[in-house]
Trainee: 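The structure is given below, and queries will be raised subsequently.
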Amino acid sequence: MKAHAIRRFAIAAALAAGLIVSPIHSPARAADRPAVKPYQGLSPSQRADLRTIASDTWRFYSVDVDPNTHLPLDNVTFAGGSSTPTDYGRYTSASNIGVYLWAVVAAKDLGLITGPEAHDRIEATLTEVQQLKRFDGFLYQWYDTSTGDVIRNPGDVFDCSTEPPTYDNCYFISQVDNGWYTSGLIIVREALPELRPLVDSLMAPMNFGIFYDNGPETHCNVNAAGQPTGQMYGGYYVGLGPAGYHNGAFYSDPRISAYIGMGLHQMPGNVWWRSWRELPPKAPFADCQVTDPDFSWQGQWPMGGSWQTYTDPQSGQQFPVWEGHYTYPGTSLTFIPTWAGGMFEALMANEVVPETSWGPHSFGLADQRSVEVQIKYATEALGYPVWGLSPSSTADDSGNYAGYGVEGLLFPYYGFGADGSHPNLGLSQCHGCATEDVVTPHASFLALDVAPQQAYANIKALRSHYPDVYGVGGFFDAVNPVTGAVGHRYLVLDQSMIMAALDNALGNRAIQRDFASDPVSWAARTYLGLEKMSLD
């Protein structure tokens, strides 16, 4: 997915003090695992207002989908707030296709289109997907929406079919993008069961195990070769093998692939426990003090927390897990950081997986705290009248895209070797991976699930303070909260997050309930309920 830089972690040496190991946590009984909770928190008038926004947002899709291939375009620009498109991003990705499927289901649920219309739209798109070049069912990084051909990069005229296997996007299979693609397929087969045979045929060849590093593990954070085995690779190069880096920062959008890979029994529970909530201190064993990485460069160091031992409910294997937390400077507000402080890193998975229902002491609680941190930092530290920082278009009509997030750049940061006398006090794991000067409306909609009143108020404030941010297809993608400059562009990724969020808010968590009805959901339901993060 765009704005996801390769998450490589620097390795050096550091000390870890005061580490303790808790009693072993045992799996919850099946009867104790919660269902998806009813959605509450909006008044009738607020719901009516949001339904109008959903109707406006759905209009975007009338110009976004290629009429020949039925593939969603990455973006459409309405420069200067034009009432008609001025430019088209005629390329797409696995993520774009997956979230477009969400949007069509949401439009059906909200009564914006009929069930037969939703069926015909999705069937046309998935029939085209059947014809696309794929690898074991997985989609390549980029496709031309006019032809369906694999392309190396957006706007690149290079012919991928002429190139032997190499380390570029002609042969790259993204772990996170295919996670979102598969999430869309799962939602479709529950929301439109008559399409289940088509969906099943598309999913049958998939094996998320290609994204799992099954190398030898130790009780340290890395193995003897210095690799964090048991985590997910960022992708796979067809004909060459796994990408040479891991998506080890678990509280970010790549976790969707863990939910699905585990749910399909294609990844073991190790991936849940071996991935990192925060970049951990050295594991509490003597031999790890030499081999484990020094993560003192991360955004906040030292951090509070402790080592906890969990027993995997499938294998019975025990895992030491660093249950740490960052603390908002000068307060008692504890939270789990994302990699670069962006809202969709934290909350996008919750549009599909009922984290707030099933993980009230784990990622569901982390989702709530992420919104609190976003609100507090944007309104108090940055002094903005609105909040919601997440990767998006730039706040202009250049057609560019950039990483934005709450990183705490206004707070002290010393880099490597920070200690109690000179602590790093940032708000994201990476320092300087994003900027803090653009707000994107999709972030407010993502927050509707965990903070309905605050999110709704922010949605109203965006239109009130910046009238130009709203166009013929609903909210444009980006606004500079200081200058008021707007990026008059719609991204199918971000518009579809808005559609799914509105379906969950207005349809009693309809998208989440679709996922919960699918057999793949067992892993999310089980593992979210097992963990207790150090946030209570």
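Quick caveat, the model's predicted, so the values are computed rather than measured.
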Trainee: For Gln46 and Gln453, which I'm curious about, is there any donor-acceptor pair between the side chains at under 3.5 Å?
Mentor: yes
Trainee: Consider only side-chain N and O atoms of Trp272 and Glu531, and report whether a donor and an acceptor are under 3.5 Å apart.
Mentor: yes
Trainee: Between Thr394 and Arg489, is a side-chain contact (heavy atoms from CB on, under 4.5 Å) present by the stated rule, with each step listed?
Mentor: CA-CA 9 Å; Thr394 51; Arg489 195 159 74 135; over 6 Å; no
Trainee: With side-chain hydrogen bond (donor to acceptor under 3.5 Å, both in side chains) as the criterion, how do Asn504 and Asp449 come out once you've worked through the C-alpha distance, each side chain's angles and the decisive distance to 0.1 Å?
Mentor: CA-CA 7 Å; Asn504 281 327; Asp449 193 68; 5.5 Å; no
Trainee: Test Phe138 against every option in Phe172, Phe208, Trp180, Tyr181 by the ring-ring contact (aromatic ring centres under 6.0 Å, His included) rule and name the one that passes.
Mentor: Phe208
Trainee: When you compare the side chains of Tyr61 and Ser496, does any donor N or O come within less than 3.5 Å of an acceptor on the partner?
Mentor: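 Their side chains do contain a donor-acceptor pair, which is all the 3.5 Å distance test asks for.
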Trainee: Is it true that Lys460 and Asp49 have a side-chain N and a carboxylate O under 4.0 angstrom from each other?
Mentor: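 Between Asp49 and Lys460 there is a salt bridge, with a charged N closer than 4.0 Å to a carboxylate O.
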Trainee: State whether a side-chain donor-acceptor pair under 3.5 Å links Ser43 with Ser45.
Mentor: yes
Trainee: Does Leu50 form a side-chain contact (heavy atoms from CB on, under 4.5 Å) with Ile53? I'd like the steps, not just the answer.
Mentor: CA-CA 5 Å; Leu50 292 176; Ile53 293 173; 4.1 Å; yes
Trainee: Verify the distance criterion only: is there a donor paired with an acceptor across the side chains of Glu190 and Ser517 at less than 3.5 Å?
Mentor: no
Trainee: Roughly how far apart are Asp503 CG and Leu448 CG, rounded to 0.5 Å?
Mentor: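 Between Asp503 CG and Leu448 CG, I get 12.0 Å after rounding to 0.5 Å.
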Trainee: State whether Lys108 and Asp514 are salt-bridged, where the test is any N-O pair (Lys NZ or Arg NE/NH1/NH2 against Asp/Glu carboxylate O) under 4.0 Å.
Mentor: no
Trainee: Give the minimum heavy-atom separation between Leu42 and Ala505, together with the two atoms involved.
Mentor: CD1-CB, 4.2 Å
Trainee: Would you kindly say whether Trp102 and Ser183 are connected by a side-chain donor-acceptor distance under 3.5 Å?
Mentor: yes
Trainee: Just by distance, with hydrogens left out, do Tyr88 and Thr145 show a side-chain donor and acceptor under 3.5 Å apart?
Mentor: no
Trainee: Do Arg463 and Tyr470 form a cation-pi contact, if we require the NZ or CZ to be under 6.0 Å from the six-membered ring centre and within 45 degrees of the ring's axis?
Mentor: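 Yes.
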Trainee: side-chain contact (heavy atoms from CB on, under 4.5 Å) between Arg274 and Thr229: does it pass, once the steps are laid out?
Mentor: CA-CA 8 Å; Arg274 293 286 293 177; Thr229 45; 3.9 Å; yes
Trainee: Identify which one of Tyr140, Tyr171, Tyr236 satisfies the ring-ring contact (aromatic ring centres under 6.0 Å, His included) criterion when paired with Phe135.
Mentor: Tyr236
Trainee: Pick from Trp142, Tyr401, Tyr143: which one makes a side chain to side chain contact (heavy atoms under 4.5 Å, CB included) with Asp74?
Mentor: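 Result for side chain to side chain contact (heavy atoms under 4.5 Å, CB included) with Asp74: Trp142.
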Trainee: Any side-chain heavy atom of His119 sitting closer than 4.5 Å to one from Leu195?
Mentor: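 SC-SC contact between His119 and Leu195 confirmed.
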Trainee: Rounded to the nearest 0.5 Å, what's the gap from CD1 on Ile151 to SG on Cys160? Could you check?
Mentor: 8.0 Å
Trainee: Apply the side chain to side chain contact (heavy atoms under 4.5 Å, CB included) test between Leu112 and each candidate in Arg51, Arg59, Met499; give the one that qualifies.
Mentor: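 Per the side chain to side chain contact (heavy atoms under 4.5 Å, CB included) rule, the option paired with Leu112 is Met499, out of Arg51, Arg59, Met499.
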Trainee: Is the shortest heavy-atom distance from the side chain of Arg277 to the side chain of Tyr251 under 4.5 Å?
Mentor: no
Trainee: Hey, would you say the His265 and Trp522 ring centroids sit under 6.0 Å apart?
Mentor: yes
Trainee: Test Phe250 against every option in Trp339, Tyr259, Phe363 by the ring-ring contact (aromatic ring centres under 6.0 Å, His included) rule and name the one that passes.
Mentor: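 The passing option is Phe363.
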Trainee: Do you know which two heavy atoms are closest between Leu139 and Ile173, and how far apart they sit?
Mentor: O-CD1, 3.6 Å
Trainee: Mind checking whether His488 and Phe476 have ring centres under 6.0 Å apart?
Mentor: yes
